[in-house]
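Just below is one structure, and these are the notes that go with it.
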Amino acid sequence: MPSNKTQPARGMRDFLPADVRRREYVIGVIREVYERYGFEPLETPAVENIETLMGKYGEEGNQLIFKILKRGVHESTGEADLALRYDLTVPLARVVAEYRDKLPKFFKRYQIQPVWRADRPARGRFREFYQCDVDVLGSKSMVVEAEICAAVSDVLERLGFDDFVIVLNHREILRGILEVSGVTEEKQADALIVIDKSEKIGKDGLRRELVERGVFSEESVDDFFERFGRLAETHVGPAFDIPESRTREFEKQQQEEMNSSWLDKLSSSLDQHEGGKLGIKAVRQILDLSQNSPARGRIRFHPSLARGLSYYTGAILEVGLNIGDFRGSIGGGGRYDNLVGMFLGQDVPACGFSLGLERIIVVMTEREMFPAGLVTSPAEVMVTVWNEESVLNSIALASELRAAGLRVDLYPEADKVGKQFKYASARGIPFVAVLGDDERERGEVSIKDMKSGKQRSVKREDVASVLRNWEG
RNA sequence: GCGGCUAUAGUUCAGUUGGUUAGAACGCUUGACUGUGAAUCAAGAGGUCGUGGGUUCAAGUCCCACUAGCCGCCCCA
């Protein structure tokens, strides 16, 4: 334990004003886009009953849940009856099961709240972090997947991302690949772990690890590679040579060609597998339905995407960045048609996606993608205080400007004017309003533009409009 | 959860094989400046060397644990 008691708990963070501004900017864009797609807001408690969460995320997930001990006289039992929520999807499923009759036939909700995982902190990875979820419940149509891809693409484009890829796969396709290759039920989980990282370890690594883990024998692995060797091909990284004169249109076309090439190959390999055929049909539909949406050319079908959360049943999605050094995904999702059924006893089809706020912020900060002025301007104008006698007058001016809708900082002490300017400069406040004895006699205020250094004296009642229409 | 590297003033870093009062640059504070910041000059403040233990006559320097950061696994947002 840190003896320096002022540090936040492990994996948790304090957000200073500049941090909060960045976070709120990103959240604002996300919320605005989600609203535009007809999603409605939902909030749920930080704490859930422990049985609501346990068993929904697989072995690994259970370990990472933040459990809360029973309280008071029951504390000594060492038992946990509550837990901090691990994601926003399971609480959503609980809400839908609880309020089924009050919710519309198709429930589209977004939710932007923190979740907690007892994971090891790393870059872009914390124990308390925000997820920005969109989900649609009540429909099995692939239009839902397409809409979600469109909304996510829209958000990322509006934030200024140019190089993201939505990787798409389908649980049934994965099952098909494994079953057609003769992988036994109990080896399938192992096989998925290896296949999921096939891009990183390459063709040789894929072959080696599949044999090491006993998924295939030395002989049968060749069969597998004959049919599915392409699994090791590029997954999130650049998929094709980008020419000097690269255009989005060119990239989109390349992506579409790559998708159909993959699908054609797989559909002949899986034509004996019912589930696999279904999965391929679903993926084709999602791609078709994205033709005329912001997601066009941004979706990359890739059969090696697996994803760990155990509740997915159909399409699975993950967003990665093409360029740069951030390897982790910045979001993920998929279809989970029987999660609500675990609470309700009756299945409700569902599909959703989650963007990771802090990963987006890590990348945006590194790439300097935040609008200028977001961090640097706590106020539009600072009003100076000339001396003890004039404080009231300064407060009056500040009040007038605030009433006119400006963000106004009032220097709190009757300090030397030089210090007041220095303070405004250091805080990045663009204008300083000086209210000295001379100005007061003339019924004027001196306004200084801190960027250009220009200064002019204006009638007191005109200050707000002059500031608003200031030019150089 | 596992392995490797790192941690010295607000910031970026020096600090020789463990040896007296731990340094620099920039930043910060105060003054020269007349009613005005980012320029120049002068002076000044600021570190129990990430935290806690241990080895030693002696520890920023060696050992251990913890915390944070980077890299690689596992997993994921």
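Naming convention: chains lettered A, B, ... in sequence-line order (proteins, then strands); numbering from 1 in each chain.
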Review point. Mind checking the P distance from rU6(B) to rA65(B)? Whole angstroms is fine.
Key: 15 Å
**Study point:** Integer angstrom distance from the C1' of rC71(B) to that of rU12(B)
**Key:** 22 Å
Point to revise | Check: Y423(A)/D415(A) side-chain N/O donor and acceptor closer than 3.5 Å | key: no
Check your understanding: Relative to the ring of Y57(A), is the ring of Y86(A) parallel (under 30°), tilted (30 to 60°) or perpendicular (over 60°)?
Key -> tilted
Review point. For I30(A) and rA77(B), what is the distance between atoms CD1 and C1' respectively, to the nearest whole Å?
Key: 12 Å
Practice item. Give the nucleotide from the list rC2(B), rC76(B), rA68(B) with an atom nearest to the side chain of R10(A). Key: rA68(B)
Exercise for review: Starting at atom CZ of R213(A), determine the distance to atom C1' of rC73(B), rounded to an integer number of angstrom.
Suggested key: 11 Å
Check your understanding: In terms of side-chain heavy atoms, does S457(A) have a donor or acceptor partner in E439(A) at a distance below 3.5 Å?
Key -> no
**Study point:** Contact state string [nucleotides 27-37 of chain B, B base, S sugar-phosphate only, - no protein heavy atom under 4.0 Å]
**Key:** --SSS---BBB
Review point. To the nearest Å, how far apart are F161(A) CZ and rA77(B) P?
Key: 17 Å
Check your understanding: If we take the P atom in both rA22(B) and rU67(B), what is their distance in whole Å?
Key -> 31 Å
Review point. In whole angstroms, how far is the C1' atom of rA77(B) from the CZ atom of R23(A)?
Key: 12 Å
Point to revise | Check: D135(A) and F39(A) side chains under 4.5 Å, non-hydrogen atoms | key: no
Exercise for review: With P as the reference atom in both, quote the distance from rA58(B) to rG46(B) in angstrom, rounded to an integer.
Suggested key: 29 Å
**Study point:** Inter-nucleotide P distance (rA24(B), rG47(B)), Å rounded
**Key:** 15 Å
Check your understanding: If every non-hydrogen atom of S329(A) is compared with every non-hydrogen atom of E318(A), which pair is closest and at what distance?
Key -> CB-CG, 3.5 Å
Check your understanding: Can R21(A) and Y25(A) be counted as having a side-chain donor-acceptor contact under 3.5 angstrom?
Key -> no
Point to revise | Separation of the C1' atoms in rU48(B) and rG44(B), to the nearest angstrom | key: 22 Å
Review point. When only distance counts, do a donor and an acceptor, one from the side chain of R120(A) and one from the base of rG3(B), lie under 3.5 Å apart?
Key: yes
Exercise for review: Provide the distance between the two C1' atoms, one in rA43(B) and one in rC5(B), to the nearest whole Å.
Suggested key: 42 Å
Check your understanding: Among side-chain atoms of R94(A) and N49(A), is any donor-acceptor pair under 3.5 angstrom?
Key -> no
Point to revise | Euclidean distance for C1', rC57(B) against rU30(B) (whole angstrom) | key: 45 Å
Point to revise | Under 3.5 Å on both distances, the Watson-Crick or G-U partner of rU48(B) | key: none
Check your understanding: Rounded to the Å, how far apart are D119(A) CG and rA68(B) P?
Key -> 12 Å
Review point. Over how many whole Å does the gap from L317(A) atom CG to rA77(B) atom C1' extend?
Key: 14 Å
Exercise for review: Just call it for I193(A): base, sugar-phosphate, or nothing, with non-hydrogen atoms closer than 4.0 Å on any strand.
Suggested key: sugar-phosphate
